[in-house]
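Down below is the structure, laid out as structure tokens.
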Amino acid sequence: MTVKNICCIGAGYVGGPTMAVIALKNPTIAVNVVDINPERIAAWQTDELPIYEPGLLDVVKEARGRNLFFSTNIEKGIREADIIFISVNTPTKTYGIGKGRAADLRFVELCARQIAEVSTSNKIVVEKSTLPVRTAQAINTILSETGSGVKFQVLSNPEFLAEGTAIKDLFAPDRVLIGGDQTPEGLEAIEALTSVYASWVPRERIIQTKLWSSELSKLTANAFLAQRISSINSISALCEATGADVDEVAYAIGTDTRIGSKFLKSSVGFGGSCFQKDILNLVYLCEFFGLPEVAAYWQQVIALNDYQKRRFAMNIIQTLFNTVSGKKIAMLGWAFKKDTNDTRESAAIYVSDYLLNDMAKVHVYDPQVPAKAMYADLDCLGTRNPEHNRELLTVVADPYEVCKDAHAITIITEWDEFKTYDWQRIYDNMMKPAFIFDGRNILDHKKLMDIGFKVKAIGKSY
Ligand code: UDX
Ligand code: ADP
């Protein structure tokens, strides 16, 4: 089968960049990205893209209008497509059975129903959003009940790109994973999708599996990555107590090729839309399938991450003489990692919540995150009413201004620009003693201490 037309439902952090690269690398395939959110679609048509991702604008500019299109006409997109990607959000459920753990699949279900309703020709439907194992079966059931004679093949093609490096990851992926039914029709569909990626990804990097293996691999990959961070973060607490240095420990163990050096950077805690959600999902699945020991094992990765965020905030409060009430605390960074404007599950939200509970005056600067996103994050927690959040948290557009007269500075996101600041100037304008809490270990601590700062850092015992 020759693929001529692709539709992607959902123009977010996953759908947008992935489709931009597919379109760039396959100029003969029309790629239509559709979304229910008209503002998002409008933004994709300008040079002010709705998501910040290095290199993305160049890719979009080259393909947009040629074979990459953004639209709110979902029905038309579906009807014309040979392959439909489902890239809608799958947040953790906030209600009912599985609340706080299971994935909320109502957006996916809506998509499947819409595809079933409007399709007039055979389609390959690809799960791109992270989904619980066996979701494909649910999608299949919805699609097979149309009575229209249209045939659907459901594939799982999980996304492994990381935000901030999405374009790099898409250009040169470690692997592309495609799972499908092992029937002749299923294998044909797998081949069709393989041909799209094979325009730029070497064939040996395209892994073809059974449907369920592909779905479970996505959850497992994220659980393993998150587990490494929780493991090193657990050791960071021990380092602080014993005088060992967590960066030295991470380096020493990471040189063992069996362990490897990646994802061993101790931090204030991992954030992002995937890690916590996927592990909670895995835990829920294990419980559902009667595997409480396995569930408890993975749950601990989340528990440790929560502990790390709490520990960081408590350290600030205790160090500032057991109270931050009325004190100005400067927070550098709100995004969950550098080079993205995404704030989902960012440690900043939880750390600032602890500080605000203790009546601190938190002033934040982030180079990419707008104030309205920060307030929305805090409002979502529901700890205080929105007016109170706006009273206690101030968003500042200038890093030197944010640190002026502060009792302490906290580094939450590892933005490169923080390393280039004039720290002497910042020190001179702060309250004394001037504390700095480096939640990412990105600054030159010795230099800061020489200036006069009192430095506290993850996994260090200065
Ligand atoms: C992750 C997976 O890496 C990606 O494959 C999957 O498709 C989606 O989820 P993402 O959440 O975008 O990607 O970012 P990632 O780089 O994995 O970082 C997640 C969090 O862990 C961030 O808060 C980051 O700062 C933190 N982190 C990462 C650490 O604290 N230490 C590390 O060593 C690495
Ligand atoms: P992700 O990180 O998984 O890409 P995002 O929240 O960034 O998640 O993007 C998901 C997108 O899917 C949003 O832009 C949302 O408007 C869109 N969406 C959700 N449900 C539907 C639907 N039924 N039809 C079309 N678009 C949808």
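Whatever order the structure lists them in is the order used to number ligands and atoms, beginning at 1.
Side-chain contact, Thr340 with Gln368: no donor N or O sits under 3.5 Å from an acceptor N or O. If you check the side chains of Tyr13 and Glu53, you find no donor sitting under 3.5 Å from an acceptor. Between the side chains of Tyr307 and Asn233, no donor N or O sits under 3.5 Å from an acceptor N or O.
Using a cutoff of 4.0 Å between basic side-chain nitrogens and carboxylate oxygens, Lys460 and Asp438 are not scored as salt-bridged. In this structure, Asp82 does not pair ionically with Lys123, as no charged nitrogen and carboxylate oxygen lie closer than 4.0 Å. Electrostatic pairing of Lys265 and Glu414 does not count as a salt bridge here, judged by no charged N lying under 4.0 Å from a carboxylate O. One finds no salt bridge joining Glu240 and Lys456 here, because no Lys/Arg side-chain nitrogen approaches an Asp/Glu carboxylate oxygen to under 4.0 Å. Using a 4.0 Å cut-off between charged side-chain N and carboxylate O, Glu163 and Arg344 make a salt bridge. A salt bridge links Glu80 with Lys76: the closest approach of a Lys/Arg side-chain nitrogen to an acidic carboxylate oxygen falls below 4.0 angstrom. Under a 4.0 Å N-O distance rule, the pair Lys61/Asp47 qualifies as a salt bridge.
With atom 19 (C) of ligand 2 as the reference point, the heavy atom nearest to it among Asn89, Asp342, Leu110 is part of Asn89. Of all the listed residues (Asp35, Val33, Ile74, Val14), Asp35 holds the heavy atom that lies closest to atom 17 (C) of ligand 2.
The nearest protein atom to atom 23 (N) of ligand 2, hydrogens excluded, is given as Cys111 SG, 3.9 Å; this is a heavy-atom distance. Counting only heavy atoms of the protein, atom 5 (P) of ligand 2 lies nearest to Arg40 NH1, 3.7 Å. In this structure, atom 18 (N) of ligand 2 lies nearest to the protein heavy atom Val88 CG1, 3.7 Å. With respect to atom 24 (N) of ligand 2, the closest heavy atom belonging to the protein is Ile9 CG2, 3.5 Å. Of all protein heavy atoms, the one lying nearest to atom 2 (O) of ligand 2 is Arg344 NH2, 2.9 Å.
The contact set between ligand 2 and Ser87, taken as ligand atoms under 4.0 Å from a residue heavy atom, comprises 10 (C).
Ligand 2 lies out of reach of Ser129, whose nearest heavy atom is not under 4.0 Å from it.
If you look at ligand 1, the protein residues with a non-hydrogen atom under 4.0 Å away are Glu159, Phe160, Leu161, Ala162, Glu163, Lys218, Asn222, Leu225, Ile229, Phe263, Leu264, Lys265, Ser267, Phe270, Gly271, Cys274, Phe275, Phe336, Lys337, Arg440.
Aromatic rings of Phe224 and Trp298 (six-membered ring for Trp) have centroids within the 6.0 Å cut-off, being under it.
Residue contacts with ligand 2, taken as heavy atom pairs separated by less than 4.0 Å, do not involve Glu109 at all.
By the 3.5 Å distance cut-off applied to N or O atoms, Tyr13 is counted among the residues near ligand 2.
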